[in-house]
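The structure appears right after this line, and notes come after that.
Ligands are counted one by one from 1 in listed order, and the atoms in each one are counted from 1 as well.
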Amino acid sequence: LRRRIVRAEKMEVVGHLAASISHEVRNPLTVSRGFMQLLLQSERMNYKDKQYIQIAIEEIDRAEAIITDYLTFAKPAPEHVEKLNVKTEIERVIDILRPFANMSSIEIQTSLVPFAVKGERQKFQQCLLNVMKNAIEAMPNGGTLRINVSIDKDYVLIHIGDTGVGMTKEQIERLGEPYFTTKGAKGTGLGMMVVYRIVETMKGDLFIHSEVGEGTDVYMYFPSYYKSDIETSSKRSRFEQVSY
Ligand code: ADP
Ligand code: MG
């Protein structure tokens with residue numbers, strides 16, 4: 001028993017370490033990037049050296065992007081499944097992305113209803129962030145990011161639409177494939193993989209509609225928090241029918 005407790009404690013430590021990565025690793029990355037940026041401005045540095053520094057900066061940006069797609073909301077505390085208010089969670093993610101949207105003159109329109117779903121807060125927020133971030137990145141010259149919440153039978157439907165570059169059929173098919181990106185060194189090709197995994201663990205579903213040059217609509221379905229109760233009661237009535 002004692003050994004098992006020690007193992008559990010160790011696992012917890014590992015969990016803490018993984019979760020701390022986003023916070024602990026980001027700071028030194030930011031500082032290193034800052035100094036390299038300063039070096040780039042130095043007049044004593046020749047063209048070749050500046051090119052090396054430029055590559056180093058791009059690699060730091062890449063590390064930063066990977067952390068963003070995986071661990072933006074990672075918390076030192078262990079996660080647990082709970083009742084989540086989709087309106088609150090979406091608003092939290094919008095707050096984080098708003099400065100980013102402003103940089104590209106993107107208007108954010110929302111129609112949010114406080115429906116409840118079941119899941120781990122950190123993962124749900126990561127999922128929303130990755131989809132909304134893609135939408136913003138698809139509109140470098142401005143546009144509209146639309147986020148609607150509605151109910152469809154036993155599912156809460158979150159619709160995230162953009163007026164961006166859109167995708168070809170081939171691109172839609174490859175979505176979620178690890179390392180598939182059209183963003184070159186700036187992309188990780190991991191964002192949608194993470195999204196699909198989280199949607200799956202929440203027993204949800206995801207649909208994409210996209211037209212090149214028109215924009216993209218992502219529809220995410222999550223079982224309503226109350227769905228489990230509905231299921232239990234329908235099972236009970238079926239049982240009752242059998243017993244008659
Ligand atoms: P990354 O954003 O790092 O490229 P993702 O897995 O998040 O990786 O997305 C993979 C690719 O899917 C993107 O590079 C892009 O080509 C395409 N994509 C995803 N979302 C959108 C969108 N809203 N509009 C246009 N293209 C998109
Ligand atoms: Mg992405």
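- Between Tyr219 and His159, the ring planes are parallel. Angles under 30° get that label, and only those over 60° would be called perpendicular.
- Here CZ of Arg26 is found 13.0 Å from CZ of Arg33. Values are rounded to the nearest 0.5 Å.
- Counting only N and O atoms by type, the side chains of Tyr155 and Lys203 include no donor and acceptor under 3.5 Å apart.
- Protein N, O or S atom count below 2.8 Å of the Mg ion (ligand 2): the structure gives 1.
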**OP:** Could you walk me through whether Lys183 and Glu137 pass salt bridge (Lys or Arg N to Asp or Glu O under 4.0 Å), step by step?
**Re:** CA-CA 9 Å; Lys183 297 170 191 169; Glu137 285 165 353; 2.6 Å; yes
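- Within the structure, salt bridge (charged side-chain N to carboxylate O under 4.0 Å, His left out) pairs that include any residue of residues 89-109 comprise Lys87-Glu91, Glu89-Arg121 (at least two apart or interchain).
- With no hydrogens or angles considered, no side-chain donor-acceptor pair links Thr168 and Arg174 at under 3.5 Å.
- The pair Arg146-Asp217 fails the salt-bridge criterion, with no side-chain N (NZ, NE, NH1 or NH2) lying under 4.0 Å from an Asp/Glu carboxylate O.
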Considering only distance and modelled atom types, tabulate donor-acceptor pairs under 3.5 Å from the side chains of residues 185-200, sequence neighbours left out.
{"unit_1": "Thr188", "atom_1": "OG1", "unit_2": "Asp69", "atom_2": "OD2", "d": "2.5"}
{"unit_1": "Thr188", "atom_1": "OG1", "unit_2": "Leu190", "atom_2": "N", "d": "3.0"}

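- Note that CG of Leu129 and OG1 of Thr68 are 7.5 Å apart. Values are rounded to the nearest 0.5 Å.
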For each nitrogen or oxygen atom of ligand 1, which protein N/O atoms lie closer than 3.5 Å, and how far apart are they, rounded to 0.1 Å?
{"unit_1": "ligand 1", "atom_1": "2 (O)", "unit_2": "Asn134", "atom_2": "OD1", "d": "2.9"}
{"unit_1": "ligand 1", "atom_1": "2 (O)", "unit_2": "Lys183", "atom_2": "NZ", "d": "2.7"}
{"unit_1": "ligand 1", "atom_1": "3 (O)", "unit_2": "Thr188", "atom_2": "N", "d": "2.7"}
{"unit_1": "ligand 1", "atom_1": "3 (O)", "unit_2": "Thr188", "atom_2": "OG1", "d": "3.4"}
{"unit_1": "ligand 1", "atom_1": "3 (O)", "unit_2": "Gly189", "atom_2": "N", "d": "3.0"}
{"unit_1": "ligand 1", "atom_1": "4 (O)", "unit_2": "Thr181", "atom_2": "OG1", "d": "2.5"}
{"unit_1": "ligand 1", "atom_1": "6 (O)", "unit_2": "Gly191", "atom_2": "N", "d": "3.4"}
{"unit_1": "ligand 1", "atom_1": "6 (O)", "unit_2": "Met192", "atom_2": "N", "d": "2.8"}
{"unit_1": "ligand 1", "atom_1": "7 (O)", "unit_2": "Asn134", "atom_2": "OD1", "d": "3.0"}
{"unit_1": "ligand 1", "atom_1": "7 (O)", "unit_2": "Asn134", "atom_2": "ND2", "d": "2.8"}
{"unit_1": "ligand 1", "atom_1": "8 (O)", "unit_2": "Gly189", "atom_2": "N", "d": "3.3"}
{"unit_1": "ligand 1", "atom_1": "14 (O)", "unit_2": "Thr181", "atom_2": "OG1", "d": "3.4"}
{"unit_1": "ligand 1", "atom_1": "14 (O)", "unit_2": "Thr182", "atom_2": "N", "d": "2.9"}
{"unit_1": "ligand 1", "atom_1": "14 (O)", "unit_2": "Thr182", "atom_2": "OG1", "d": "3.2"}
{"unit_1": "ligand 1", "atom_1": "16 (O)", "unit_2": "Thr182", "atom_2": "OG1", "d": "2.4"}
{"unit_1": "ligand 1", "atom_1": "23 (N)", "unit_2": "Asp162", "atom_2": "OD2", "d": "2.8"}
{"unit_1": "ligand 1", "atom_1": "24 (N)", "unit_2": "Thr216", "atom_2": "OG1", "d": "3.3"}

